[in-house]
Protein chains: 2
Amino acid sequence: MLKHILLGFLNYRPMTGYELKSIMDESTMHFWHAYHSQIYTTLRKLEDEGLVTSEMELGDDKLNRRTYTITEAGRADLREWLNTPLHEVVPVKEDLLVRMFFSGERDKQAVIDELRVQRLLHQRTLAEYRNLTEETMLEIIPEDKERAVQHLPFWESTLRFGIQYEELYLQWIDETIRILEEQG
Amino acid sequence: MLKHILLGFLNYRPMTGYELKSIMDESTMHFWHAYHSQIYTTLRKLEDEGLVTSEMELGDDKLNRRTYTITEAGRADLREWLNTPLHEVVPVKEDLLVRMFFSGERDKQAVIDELRVQRLLHQRTLAEYRNLTEETMLEIIPEDKERAVQHLPFWESTLRFGIQYEELYLQWIDETIRILEEQG
DNA sequence: TGGGACATGTAAACCGTTACATGATTGA
DNA sequence: TCAATCATGTAACGGTTTACATGTCCCA
């Protein structure tokens with residue numbers, strides 16, 4: 001999956017690994033994240049496969065920045081991936097629910113405390129998502145406004161999902177705490 | 001994670017790998033799934049660590065059923081894991097959203113078609129979740145009704161999450177299709 | 001001058017998926 | 001007798017996470 005995410009971004013414009021990591025931390029964190037280690041190794045793999053090329057910046061400073069550019073083969077690979085629709089539901093994995101499922105013999109107050117911590121964290125996450133404006137998104141392609149505008153509804157739809165998901169999460173936590181306290 | 005799920009179920013009663021797989025397919029599929037291959041290898045690993053013991057059923061038939069039983073060390077490990085609260089949000093990974101994010105240059109009708117296929121699949125998933133009754137859950141511990149009843153609110157809370165998640169998913173798909181169709 | 005952001009990498013371990021592989025039991 | 005279900009396993013691969021490792025630039 002990361003492979004296609006990187007190709008997707010490089011299809012907008014050439015970027016460095018560091019830039020890809022920063023942009024993902026802002027724009028895809030609500031549905032996919034990756035550590036820098038994986039991004040750098042995956043970029044090298046893409047280069048081996050001829051889907052991207054890279055070159056070291058020859059600037060006046062000694063900061064080593066390697067800029068990756070998508071190749072025609074890379075664009076073809078991305079297009080082919082996009083033209084192959086998902087035909088299954090990718091199963092959810094939710095650590096907190098695993099813990100809840102097996103919490104029947106735990107101290108009830110400890111469970112409620114854990115839910116409250118999660119509530120705070122998810123509230124923070126939701127605030128971060130709500131903070132993402134159109135401008136944040138447009139920075140992905142700063143020099144091609146028209147193209148960015150074309151992509152905007154798609155970017156926004158994923159963000160809408162992220163926000164609604166976090167809202168659901170908070171509601172679920174509240175309702176669960178209420179139920180646990182009531183039977184208390 | 002699977003390790004603690006298996007210990008969690010074996011804490012209810014001894015089970016075979018096959019049983020664990022079937023029960024997970026019914027009771028945890030909305031927040032965690034595993035292939036039988038991983039279940040069997042993880043059970044062996046748990047045995048190596050002394051957290052479970054196993055023995056082949058010595059029945060009159062030649063069907064090889066290996067029944068796993070949790071040890072005191074296993075219970076301690078499970079307890080310790082449950083008493084270590086999650087203090088971070090585990091990031092979501094949603095394949096369909098990755099595809100949506102990069103769909104700005106795709107044929108719009110193809111995107112809508114893909115969403116409609118997902119709609120059908122998620123509708124089916126939701127129907128399966130709604131089909132899970134209290135009785136389905138109580139079969140996890142058929143011989144210890146009182147204990148099962150104690151666990152029920154926790155099992156139900158995870159199912160409530162699963163149902164609400166699928167409802168959200170359907171709403172999101174509908175809204176997204178509507179937006180895509182409106183901008184023509 | 002110290003801390004934070006910028007910047008890139010490697011290695012090992014771990015986890016999860018896919019494919020391969022086999023055989024018994026039960027009911028239609 | 002055939003298909004579905006019961007039942008268990010191994011192997012290879014690939015993706016992800018964690019830890020280790022290094023060095024620059026810029027601002028307060």
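Chain A is the first sequence line, chain B the second, and so forth, proteins listed ahead of strands; every chain is numbered from 1.
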Checklist entry - Given atom CG of A:D25 and atom P of C:dC6, what is their separation to the nearest angstrom? => result 11 Å

Checklist entry - Taking only residues two or more places apart in sequence or in another chain, which ones pass salt bridge (Lys or Arg N to Asp or Glu O under 4.0 Å) with B:E19? => result B:R13

Next on the checklist: What is the separation between atom CG on A:L46 and atom C1' on D:dG15, rounded to the nearest whole Å?
Outcome noted: 13 Å

Checklist entry - Mind checking what makes salt bridge (Lys or Arg N to Asp or Glu O under 4.0 Å) contact with B:R124, not counting sequence neighbours? => result none

Next on the checklist: Among residues at least two apart in sequence or on other chains, which ones pass side chain to side chain contact (heavy atoms under 4.5 Å, CB included) with B:E114?
Outcome noted: A:P85, A:L86, B:L96, B:R99, B:R106

Quiz: residues 72-82 of chain A side-chain donor-acceptor pairs under 3.5 angstrom, not counting sequence neighbours:
residue, atom, partner, partner atom, Å
A:R75, NH1, A:N11, OD1, 2.6
A:D77, OD1, A:H4, NE2, 3.0

Item to check | Nearest-angstrom distance from the residue atom CD1 of A:I39 to P of C:dA7 | outcome: 14 Å

Next on the checklist: Test of understanding: with salt bridge (Lys or Arg N to Asp or Glu O under 4.0 Å), list the residues that count as partners of B:E175, not counting sequence neighbours.
Outcome noted: A:R160

Checklist entry - Less than 4.0 Å between a side-chain N and a carboxylate O, is that true for B:R44 and B:D48? => result no

Item to check | For B:S22, all residues meeting side chain to side chain contact (heavy atoms under 4.5 Å, CB included), sequence neighbours excluded | outcome: B:Y18

Checklist outcome for this item: Contacts satisfying ring pair (Phe, Tyr, Trp, His ring centres under 6.0 Å) that involve residues 99-131 of chain A (not counting sequence neighbours) are A:H30-A:Y129, A:F101-B:F9, A:F101-B:F31, A:F101-B:W155, A:F102-B:F9, A:H122-A:Y169

Item to check | Between C1' of C:dC6 and CG of A:L20, the distance in whole Å | outcome: 15 Å

Checklist entry - Once each nucleotide of nucleotides 8-20 of chain C is scored for protein heavy atoms under 4.0 Å, what B/S/- sequence comes out, 5' to 3'? => result BBB----SSBBB-

Next on the checklist: Need the bend value for the helix from C:dT1-D:dA28 to C:dA28-D:dT1: angle between end axes, 5 pairs each end, nearest 10°.
Outcome noted: 30°

